[in-house]
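Because only heavy atoms are used, hydrogens play no part in the values below, and waters and symmetry mates are left out as well, while side chains stay in. Throughout, a chain's letter reflects where its sequence line sits, starting with A, and its residues are numbered from 1.
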2 protein chains.
Amino acid sequence: MTEKSCLLEPVFDLFGKKWTTLILREIMNGNNHYGKLLKIIPNISSRTLSSRLRMLEENGIVIRNVYDTIPPSVEYNLTKIGQKTRKIFVAMSEWQAEWKKVND
Amino acid sequence: MTEKSCLLEPVFDLFGKKWTTLILREIMNGNNHYGKLLKIIPNISSRTLSSRLRMLEENGIVIRNVYDTIPPSVEYNLTKIGQKTRKIFVAMSEWQAEWKKVND
DNA sequence: CCGGATCCCAGCGGATACTG
DNA sequence: CAGTATCCGCTGGGATCCGG
């Protein structure tokens with residue numbers, strides 16, 4: 001997914017990656033601490049979680065807040081544009097519901 | 001993207017793969033012959049095109065029609081459910097437009 | 001203990017050549 | 001024309017280790 005093969009490819013570069021949508025969903029649900037995400041999302045490795053969160057941050061979808069406490073804590077929140085991804089997920093969910101009916 | 005990590009993952013298993021959306025778009029545009037797709041889509045290999053088309057067929061998104069002529073010809077068309085993917089692409093396009101404004 | 005960097009390997013997909 | 005076969009490089013991501 002690195003080559004420019006589609007206008008929508010930037011979107012899939014983000015959301016097409018494994019775990020990304022689930023992370024976003026959990027942040028939307030208010031689980032916005034790194035450690036919480038790691039516990040709540042089954043089987044995700046810390047490497048992958050870090051990687052996805054950084055990618056989302058670099059793309060302006062998520063904001064990273066570091067609290068310099070002991071123990072340290074890092075919180076992630078959706079930006080405005082990040083919150084608008086909801087519409088995409090809704091469209092996908094609706095399509096998937098119809099697709100399952102036909103396909104199974 | 002093989003493990004069940006998100007309800008939407010089946011959708012991303014399909015559309016998150018490289019080339020898939022571009023192939024669908026071209027079929028929507030009426031370029032539905034294998035050879036036409038291979039020419040129109042820049043840099044795609046026949047191996048990958050075959051693979052994607054088969055995957056789309058297996059998932060009921062595309063129908064394969066073989067015309068037993070000389071030379072042989074194979075045509076791909078969207079199923080009903082395949083056509084409904086348009087809504088997802090619209091939602092993504094709209095989001096992407098806003099995202100680009102913020103991000104660049 | 002929290003957040004993340006490093007190492008390493010399976011699997012995706014690109015290039016090329018061949019078949020009915 | 002419409003694929004399949006083979007080879008192989010590269011990236012994603014799981015296991016493991018590290019700084020504070």
*Asks:* Distance check needed: dT16(C) P versus L38(B) CG, whole Å only.
*Replies:* 14 Å

*Asks:* Begin with the C-alpha distance, continue with both residues' side-chain angles, and end with the deciding distance and a verdict on side-chain contact (heavy atoms from CB on, under 4.5 Å) for M92(B) and I88(B).
*Replies:* CA-CA 6 Å; M92(B) 285 190 169; I88(B) 298 176; 4.2 Å; yes

*Asks:* Would you mind classifying the nucleic acid contact of S51(B) as base, sugar-phosphate or nothing, using non-hydrogen atoms under 4.0 angstrom?
*Replies:*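 If one applies the 4.0 Å heavy-atom cut-off, S51(B) turns out to touch nothing in the nucleic acid.
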
*Asks:* Given atom CD1 of I70(B) and atom P of dA2(D), what is their separation to the nearest angstrom?
*Replies:* 14 Å

*Asks:* Between dA2(D) atom C1' and N65(B) atom CG, what is the distance in whole Å?
*Replies:* 15 Å

*Asks:* Between atom NZ in K17(A) and atom P in dC12(C), what is the gap in whole Å?
*Replies:* 15 Å

*Asks:* Specify whether Y76(A) and Y34(A) have parallel, tilted or perpendicular ring planes, treating 30° as the upper limit for parallel and 60° as the lower limit for perpendicular.
*Replies:* tilted

*Asks:* Hey, does the side chain of K36(A) come within less than 4.0 Å of dC2(C)'s phosphate (OP1/OP2), counting only N and O?
*Replies:*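 Answer is no, no contact under 4.0 Å.
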
*Asks:* Give the rounded distance in Å between these two atoms: CG of N43(B) and P of dG14(C).
*Replies:* 9 Å

*Asks:* Less than 4.0 angstrom between a side-chain N/O of R47(A) and OP1 or OP2 of dC17(D), yes or no?
*Replies:* no

*Asks:* Tell me which of T48(A) and S50(B) sits closer to the 5' end of DNA chain D, going by the nucleotide each one is nearest to.
*Replies:* S50(B)

*Asks:* On DNA chain D, nearest-nucleotide positions of P71(A) versus S45(A): which is more 5'?
*Replies:*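 Looking at the nearest nucleotide for each, S45(A) comes out on the 5' side.
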
*Asks:* With a 4.0 Å cutoff (strictly under), does any side-chain N or O of W19(B) reach OP1 or OP2 of dG14(C)?
*Replies:* yes

*Asks:* Atom CD1 of I41(B) and atom P of dA2(D): how far apart are they, to the nearest Å?
*Replies:*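 Interatomic distance, CD1 of I41(B) to P of dA2(D): 14 Å.
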
*Asks:* Would you state whether a donor and an acceptor, one from the side chain of S46(B) and one from the base of dT4(D), lie under 3.5 Å apart?
*Replies:*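 Yes.
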
*Asks:* Taking C-beta and beyond as the side chain, do L8(A) and Q96(B) meet within less than 4.5 Å on heavy atoms?
*Replies:*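 The answer is yes; the side chains approach within 4.5 Å.
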
*Asks:* Find the distance L49(B):CG to dT4(D):C1' and express it as a whole number of Å.
*Replies:* 13 Å

*Asks:* Using a 4.0 Å heavy-atom cut-off across all strands, classify R54(A) as base, sugar-phosphate, or nothing.
*Replies:*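 Since only primed, P, OP1 and OP2 atoms lie under 4.0 Å of R54(A), the category is sugar-phosphate.
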
*Asks:* Report yes if some heavy atom in the side chain of V90(A) is under 4.5 Å from a heavy atom in the side chain of E94(A); otherwise report no.
*Replies:*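 Yes, close enough: below the 4.5 Å cut-off.
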
*Asks:* Over 60° means perpendicular and under 30° means parallel, so tell me whether F15(A) and F89(A) are parallel, tilted or perpendicular.
*Replies:* perpendicular

*Asks:* At under 4.0 Å between heavy atoms, what does Y76(A) touch on the DNA or RNA strands: base, sugar-phosphate, or nothing?
*Replies:* sugar-phosphate

*Asks:* Check every atom of dG13(C), dG20(C), dG3(D) against the side chain of R52(B) and return the nucleotide holding the closest atom.
*Replies:*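 When the side chain of R52(B) is considered, dG13(C) is the closest of dG13(C), dG20(C), dG3(D).
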
*Asks:* What integer distance in Å separates D13(B):CG from dG11(C):P?
*Replies:* 15 Å

